[in-house]
Amino acid sequence: MTDQVHSGQEYFEHLIDQDSRVEPRDWMPDAYRKTLVRQVSQHAHSEIIGMQPEANWISRAPSLKRKAILMAKVQDEAGHGLYLYSAAETLGTPRDELNQQLLDGRAKYSSIFNYPARTWADIGAIGWLVDGAAICNQVPLCRASYGPYGRAMVRICKEESFHQRQGWEILYELSHGTEAQHQMAQDAVDRFYGPALQMFGPPDADSPNSQQSMAWKIKRFSNDDLRQRFVDMIVPQAEALGLTLPDPDLAWNEERGHYDYGELDWDEFFAVLKGQGPCNKQRMQRRREAHREGQWVREAAAAYAAKTSRTATSALIGA
Ligand SMILES: [Fe+2]
Ligand SMILES: [Fe+2]
């Protein structure tokens, strides 16, 4: 090991110890860089793929106001994808390559987005439960040791809390509407509860990389701790909504000071992750189409950028 690498490593360890931030030009271990590229790009892919189930409801949202709100939310998710691709690029892998990994099926995205949004109430359940789980997961990431990732998360979390509230409000209205509307809200929660809890990843015992991510202070809490936090948060919220959560084992545990919850269907989780979910094929097909259809936009933007930088250079040199 050369002196320079050695001092780079020492400085890196010092930054982690001090709860300080690692920045793009700092030396970092290859495995740290690799872990971050994978995590941040998967996160970016999830934001972009996650636009699909909701965009599908923009034209069918029940009022102009709700259409406008949903459209803004879907645009926010696109913005989250852009912040995160930018953060991932600072680690040295170009965006084209990250995008290609998604299109080729080499990169993953959150398996929750392989479930369909069947009814308007599903848009409420996605906002309340999926964006809610995202917040629980992402608030601690605002303190992630890699600077660009942590800073992107601060902006993203602010918007996610609006998303959760709009979902909550959709469900509240339906839950307190007609019997059929109440039933629609309950049915949506019944379908999204399990997959939302699985968004935190496999149980700690089956999540071998978590320990290293926590040592590097990328991750601050384990999958099971975050899942527990989420369950503790949504139980009283479900009561306020007048809806039930589909888990007969859900009960307050006085001794632990937390809610106990039942075993999740991990066979289903791994099957969906492997591509056997209800919408995996449709989501990827749509993403590939959108990429093809966007080709001319990317070319036009690149041509425009080249032209403006030529004009700026000519102005500078007085040509
Ligand atoms: Fe998002
Ligand atoms: Fe969101």
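Read the numbers this way: they start at 1 and go in the same order the structure lists the ligands and their atoms.
- A donor atom on one side chain and an acceptor atom on the other are not found under 3.5 Å apart for S222 and R227.
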**OP:** Test side chain to side chain donor-acceptor pair (under 3.5 Å) on Q164 and E160 and set out the steps.
**Re:** CA-CA 6 Å; Q164 199 203 11; E160 295 299 2; over 6 Å; no
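- Listed by chain and number, the protein N, O or S atoms at a distance under 2.8 Å from the Fe ion (ligand 2) are E77 OE2, D131 OD1, E160 OE1, H163 ND1.
- Of the charged side-chain nitrogens involved, at least one lies within less than 4.0 Å of a carboxylate oxygen, so that D187 and R191 count as a salt-bridged pair.
- Counting heavy atoms from C-beta on, the side chains of P203 and N223 never come closer than 4.5 Å.
- Contact check for R287 versus N99: side-chain heavy atoms found under the 4.5 Å cut-off.
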Original post:
Are Y85 and H45 close enough, and set up right, to give a side chain to side chain donor-acceptor pair (under 3.5 Å), and what steps lead you there?
Top reply: CA-CA 8 Å; Y85 282 125; H45 301 327; 2.7 Å; yes
